[in-house]
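Heads up: the structure comes next, in structure tokens.
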Amino acid sequence: MRLLENLNDNQREAVLHTEGPLLILAGAGSGKTRVITHRIAYLIKEKQVPPYGIFAVTFTNKAAGEMRKRIVDLIGPTGEGVFIKTFHSAAVYMLRRYGDRIGVQKSYSIYDQKDQESVIKEILLEMRLDPKHVRPSSLSSKISEIKNRQEMLDGADITALMPRGHAYNFQEIYEQYHSRLEKNNALDFDDLLIKTVELLRHHNDVLETLQGRWHYFMIDEYQDTNYAQYLIGSLLASKSKNLCVVGDDDQSIYSWRGADIRNILNFEKDYSDTRVIVLEENYRSAAPILEAASSVISNNSCRKEKNLKACRGEGERVVWCRASNEYGEAEFVVNSLIRLRRQEGFSSRDFAIFYRTNAQSRVFEDVLRRENVGYRVVGGLRFYDRKEVKDTVAFLKFLANPVDSVALERVINTPPRGIGKATVDKIFDAAYEADISPWEVIEGEIALKGKMPKGLLEFKKIILTLREGLALVPHKKKLSDITGDVLELTGYIRSLEEENSLESRSRLENIDEFINSVYEYEERNPDVGLDQFLQDISLLTSEEDPEARMSEGNNLVTLMTVHNAKGLEFPVVFLTGMEEDIFPHFNSSDTEEGVEEERRLCYVGMTRAMERLFITSAEVRRRYNESVFREPSRFVFEISGAVLDSLEYTSNGYGYSGGPSERRYSSRGASSALNQGDRGTENLVSTLTADEQEERASAEADRKFRLKESVLHPKYGRGIVTRIEGKGDNTKLTICFEMWGNKTFLEKYTPLEKAP
DNA sequence: TTGAGGCTTTCAACA
DNA sequence: AAAGCCTCAA
């Protein structure tokens with residue numbers, strides 16, 4: 001049976017144990033994803049379980065997509081039908097079908113952290129509190145903390161949980177917040193899960209319907225589930241009891257989001273007949289790396305003892321380098337990377353640079369760019385969080401959900417049409433007085449006693465026209481058409497075109513990219529309406545956004561936070577900024593639990609490395625533009641000396657104090673510099689098709705750029721035009737950059753220039 | 001009402 | 001250093 005080949009005994013047992021509760025404690029690099037995908041494939045192929053009868057959740061939509069792909073690789077297109085999602089998108093799925101039972105309308109908006117904060121800020125102003133003293137961000141995290149409490153979900157009295165002794169009344173803010181969200185027909189991320197629990201708990205017919213559909217459940221990264229997720233899993237699986245959870249208590253890193261490690265620790269107590277399988281063979285990391293990581297994590301007191309075995313065998317020792325400042329640190333990283341690429345046959349995509357906080361990426365970006373090394377930053381600002389994209393989405397949100405006042409506030413004066421703060425205040429006050437939505441105030445023109453400002457009338461007309469368009473052909477109107485209408489009618493594109501600055505052109509470029517992503521979405525989901533589209537993109541992470549997908553094929557170094565690194569692996573890892581107050585982070589350092597979670601995070605970072613692991617710190621770092629001396633992280637000193645080499649770095653070169661090994665990788669040498677990823681520009685140009693040659697001849701005269709021409713981009717540097725498609729305003733240029741590979745731009749908006 | 005220019009604050013992680 | 005907030009002239 002092919003499905004059971006290439007599995008070790010424990011993995012095979014996990015695949016074969018299909019009935020009843022199963023707990024898989026999967027150490028780092030122990031082939032967890034392999035087990036999950038094989039298990040699902042086995043259920044379908046050998047146990048004749050229909051694909052739609054399997055419910056699986058993972059951590060990101062991307063991981064879900066990859067898992068589905070691997071299942072399809074194993075058993076063919078049948079595997080497409082498996083329900084694999086994140087908890088949040090599974091919640092959206094259930095709420096879409098049955099939300100009306102608990103008063104959740106189809107058109108609700110999903111509020112992210114920024115939206116939450118702007119709601120809270122409004123409340124504070126209304127309560128005459130200063131948002132500078134009482135920070136909306138800390139209130140929103142406090143609210144979230146309460147909503148993740150067991151008491152809250154079990155319907156107990158939560159007034160005792162409300163913080164007291166502040167100058168403000170927390171409970172009042174808490175209640176106001178929820179009444180506003182309700183008025184706006186909006187749910188935050190926590191609500192998605194909470195409402196789903198409510199649905200499953202109080203509507204037995206719904207629960208039974210779903211239990212009739214799903215008979216087998218798999219939950220990945222179980223150590224990072226919160227109480228609501230725990231309940232959703234338990235409720236759905238309560239009938240069949242075929243619940244398989246996979247996780248590693250040492251990799252629990254989301255307690256700040258409400259994740260409760262007890263979910264995995266108590267699983268055996270919840271289900272008395274649980275079968276427990278421990279996967280301890282690590283197939284990922286060279287022995288010294290695994291030993292280094294194990295020596296760090298062993299300092300945690302609250303954990304299940306385990307004994308990971310390095311199956312990969314010996315390899316290079318871990319290197320710790322303390323540079324004089326953060327630039328020295330980045331130079332060390334980039335120089336090492338270039339050296340490894342040249343001497344040991346690694347390719348750019350083999351490298352990852354990890355850091356604790358997003359802000360640390362900048363210095364690495366500076367140095368990488370200076371040294372002409374292409375990179376991609378994962379996380380940080382999402383594509384959908386860019387101002388221009390958010391504005392466009394806010395228009396769509398407002399069309400779908402007219403009572404969404406957060407979206408309204410965002411777009412009412414976008415682009416500027418003469419509606420200032422005073423007018424907006426009047427509208428919102430009038431809405432509050434009459435207990436109606438701000439839009440109803442505008443529509444009924446009851447804000448200013450007949451004297452509507454010109455811009456407001458204009459706004460009203462735009463929205464009415466757009467809505468008319470929606471209503472006329474409700475079933476045929478395509479998402480891309482709606483988006484096009486919005487950008488057209490609101491004058492958003494026009495105003496950016498008129499601005500015609502470097503910045504506005506880059507914004508137009510992003511809007512164009514957004515339109516492209518709408519087209520793509522529409523092709524993949526032909527029958528999906530505006531509501532669902534908006535809810536879907538609200539749940540996307542940066543790894544899944546269009547920009548990330550664009551750079552996917554290219555051979556680039558990866559930069560990301562350690563949190564984002566969860567579940568991934570790289571041949572060479574640089575774990576940077578290993579200093580007290582950064583890692584462990586200042587805000588976690590004062591409690592033992594806080595430090596232990598940071599230590600687990602460090603463990604996650606270290607165990608991503610397959611062949612080489614570098615750990616770096618700086619002696620001095622600039623913060624708020626002030627130089628501060630830094631202590632090396634305590635975690636560095638916890639690494640077993642037997643596998644660690646210490647290194648000092650000065651700009652002149654390396655000064656070894658620990659005598660690193662001279663061994664080289666003989667196995668990889670051949671694939672080095674001419675690796676397919678290190679594409680030369682010459683090659684690409686010579687592969688032009690006849691069509692393209694012809695295209696070139698016919699349209700060359702009136703074009704700004706020509707094929708093979710050398711161009712300069714403010715971000716990507718020098719490149720060469722390898723493809724020209726489309727005509728007029730739709731002309732698209734594909735440029736092959738020396739360090740970044742191929743990227744496509746709309747000629748009309750791109751900040752490209754002819755190279756001198 | 002707008003937008004430029006000055007002043008203040010910010011750097012924790014994410015669906 | 002850079003983003004965000006506020007003020008004030010037009």
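Note on naming: letters A, B, ... go to the chains in the order of the sequence lines (proteins, then strands), and numbering restarts at 1 for each one. If you're wondering where the values come from, they're calculated on a predicted model, not measured in any experiment.
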| request: Just call it for A/Arg623: base, sugar-phosphate, or nothing, with non-hydrogen atoms closer than 4.0 Å on any strand. | output: base
To the nearest Å, how far apart are [X] [atom1] and [N] [atom2]?
X        : N      : atom1 : atom2 : value
A/Arg630 : B/dC11 : CZ    : P     : 16 Å
A/Lys121 : C/dG4  : NZ    : C1'   : 9 Å
A/Asp112 : B/dA15 : CG    : C1'   : 10 Å

| remark: Comparing nearest nucleotides in DNA chain B, the 5'-proximal residue of the pair A/Ser89, A/Glu598 is A/Glu598
| task | Anything under 30° is parallel, anything over 60° is perpendicular, the rest tilted; go ahead and classify A/Tyr355 against A/Phe364. | result | parallel
| said: For A/Phe570 and A/Phe354, take the angle between the two ring planes, folded into 0 to 90°, and tell me which bin it lands in: parallel under 30, tilted 30 to 60, perpendicular over 60. | reply: perpendicular
| request: Tell whether A/Gln360 reaches the base of B/dC11 with its side chain through a donor-acceptor pair below 3.5 angstrom. | output: no
| message | Regarding B/dA15, can its base be found pairing with the side chain of A/Thr60 as donor and acceptor, where the two atoms are less than 3.5 Å apart? | response | no
Counting side-chain heavy atoms from CB outward, which of [options] is closest to [X]?
X        : options               : value
A/Thr357 : B/dA12, C/dA2, B/dC14 : B/dA12
A/Arg362 : B/dT2, C/dA2, B/dA15  : C/dA2
A/Thr561 : B/dC14, C/dC5, C/dA1  : B/dC14

| Can A/Trp256 be called stacked on B/dA13 when the rule is centres closer than 5.5 Å and an angle between planes below 30°? | yes
Any [X] side-chain nitrogen or oxygen under 4.0 Å from OP1 or OP2 of [N]:
X        : N      : value
A/Asn625 : B/dT10 : no
A/Asn413 : B/dT2  : yes
A/Asn61  : B/dA15 : no

| message | Quick check: A/Tyr254 with A/Phe59 (ring centres under 6.0 Å apart)? | response | yes
| task | Examine A/Tyr230 together with A/Tyr222 and report whether their ring centres are nearer than 6.0 Å. | result | no
